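Indexing begins at 1, ligand by ligand and atom by atom, following the structure's order. A quick note: this is a predicted structure, and the numbers were derived from the prediction, not measured. Values reported hereafter were calculated over all heavy atoms of this structure, with side chains retained and with hydrogens, waters and symmetry mates removed.
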Amino acid sequence: MNPKIKICGITKKEEIPVLNEFNIDYVGFVFAKSKREVSVKDSMNLRANLNNNIKTVAVVKEPPIELLEEILQGGFDILQWHGSLKEETIKHINMPIWQAISVKDKESLGNIIYDEKIIGYVFDGSAPGSGKPFDWQVLSDIQINSELILAGGLDSDNIIEAINKIKPTIVDVSSGVESDKGKDPYKIKEFVRKVKNYGNEQ
Ligand SMILES: O=C(O)c1ccccc1N[C@@H]1O[C@H](COP(=O)(O)O)[C@@H](O)[C@H]1O
């Protein structure tokens with residue numbers, strides 16, 4: 001089965017129509033220090049324009065408790081957690097979690113936490129949102145029984161090789177579908193076309 005698609009780092013209303021046109025599976029909002037950071041309130045206004053069936057992902061990096069509470073009450077579908085994740089925090093979180101793993105080498109995989117609330121793992125490089133891929137070889141023999149989300153420097157040029165090598169269930173892109181003005185509809189279309197046609201053009 002072709003992987004599902006997550007487009008991350010939406011900041012503007014003008015970026016929404018192309019996401020609806022292609023019924024992107026997951027759309028991410030960044031609540032962490034980043035050029036893509038949005039407030040929960042602004043993300044709710046953006047979400048109101050998304051197709052109802054598109055799942056929303058709240059992306060955080062060890063957030064302060066007030067922000068976490070705001071997100072937990074915000075009606076997102078998934079919480080994508082970057083950084084260290086304590087057992088007591090997992091207990092407190094009342095929604096499905098994707099744990100982000102910064103991949104440097106095989107040892108990085110030791111940071112994977114197994115918990116029933118963690119329904120997926122986002123494998124990314126050491127600088128999330130930077131557009132830099134990590135060494136995919138590190139994931140060559142990974143076996144997990146939940147969503148395998150591949151992130152980090154994906155774009156329409158490398159996505160076929162990435163799917164061939166890793167067989168992710170979800171591909172996650174931000175920088176690779178941007179221009180200097182933000183999300184670029186043409187880059188999104190090309191990325192989506194490649195993912196949806198995967199298997200037909202080999
Ligand atoms: O996008 C960011 O700036 C960001 C900041 C803090 C944590 C995560 C962030 N983004 C995540 O990075 C990948 C996409 O990376 P890339 O730009 O395609 O290389 C994705 O998981 C975003 O959720």
Counting only heavy atoms, which portion of K6 has something under 4.0 Å from ligand 1: side chain, backbone, both, or neither?
side chain

Give a yes or no on this: more than 12 heavy atoms of other residues, nucleotides or ligands lie within 6.0 Å of atom NZ of K167.
yes

Would you say D77 and Y26 are linked by a side-chain donor-acceptor pair, where the criterion is simply a distance under 3.5 Å?
no

Give the residue and atom name of whichever protein heavy atom lies nearest to atom 4 (C) of ligand 1, and the separation in Å to one decimal.
P128 O, 3.9 Å

Does only the side chain of I149 get under 4.0 Å from ligand 1, or the backbone, or both, or neither? Count heavy atoms.
neither

Contact atoms of ligand 1, heavy-atom distance to V59 under 4.0 Å
8 (C), 23 (O)

Between K187 and E190, does at least one N-O distance fall below 4.0 Å, as a salt bridge requires?
no

Using a 4.0 Å cut-off to any heavy atom of S175, which atoms of ligand 1 qualify?
16 (P), 17 (O), 18 (O)

Applying a strict 4.0 Å limit to heavy atoms, is G131 in contact with ligand 1?
yes

Assess whether a salt bridge exists between E15 and K12, defined as any Lys/Arg side-chain N lying under 4.0 Å from an Asp/Glu carboxylate O.
yes

Using a 4.0 Å heavy-atom cut-off, say whether A151 meets ligand 1 through its side chain, its backbone, both or neither.
side chain

Answer yes when K33 and E37 have at least one side-chain N-carboxylate O distance shorter than 4.0 Å, and no when they do not.
no

Specify the protein heavy atom at minimum distance from atom 20 (C) of ligand 1: its residue, its atom name, and the distance to 0.1 Å.
D172 OD2, 3.3 Å

Do you see a donor-acceptor pair shorter than 3.5 Å between the side chains of H92 and E87?
no

Of all the heavy-atom pairs spanning K194 and I160, show the shortest one and how long it is.
O-CD1, 3.7 Å

Could you find the nearest protein heavy atom to atom 18 (O) of ligand 1 and give me its residue, atom name and distance?
S174 N, 3.0 Å

K6/D172 ion pair, N-O < 4.0 Å:
yes

Is a side-chain donor-acceptor pair under 3.5 Å present for S174 with K183?
yes

Check whether any side-chain N or O of D184 sits under 3.5 Å from a backbone N or O of V177 as a donor-acceptor pair, and report yes or no.
no

What's the shortest distance from atom 15 (O) of ligand 1 to any protein heavy atom, and which residue and atom give it?
G129 N, 3.4 Å

Examine F191 together with F22 and report whether their ring centres are nearer than 6.0 Å.
no

Quick one: does H82 get within less than 4.0 Å of ligand 1, heavy atoms only?
yes

Proximity flag G152 to ligand 1, non-hydrogen atoms under 4.0 Å:
yes

Counting heavy atoms under 4.0 Å, the part of E37 that contacts ligand 1 is neither

Quick one: nearest non-hydrogen protein atom to atom 6 (C) of ligand 1, plus distance?
A32 CB, 4.0 Å

Return the residue, atom name and 0.1 Å-rounded distance of the protein heavy atom closest to atom 1 (O) of ligand 1.
R36 NH1, 2.8 Å

Counting from 1, what ligand 1 atoms have a heavy atom of Q80 closer than 4.0 Å?
21 (O), 23 (O)

To check your reading of the model: name the closest protein heavy atom to atom 3 (O) of ligand 1, its residue, and the distance in Å.
S34 OG, 2.6 Å

For atom 22 (C) of ligand 1, what is the nearest protein heavy atom, given as residue, atom name and distance?
C8 SG, 3.4 Å

A student checking ligand 1 against G153 at a 4.0 Å heavy-atom cut-off should list atoms 16 (P), 18 (O), 19 (O)

Flag the pair K106 and D141 as a salt bridge only when some basic side-chain nitrogen lies within less than 4.0 angstrom of an acidic carboxylate oxygen.
yes

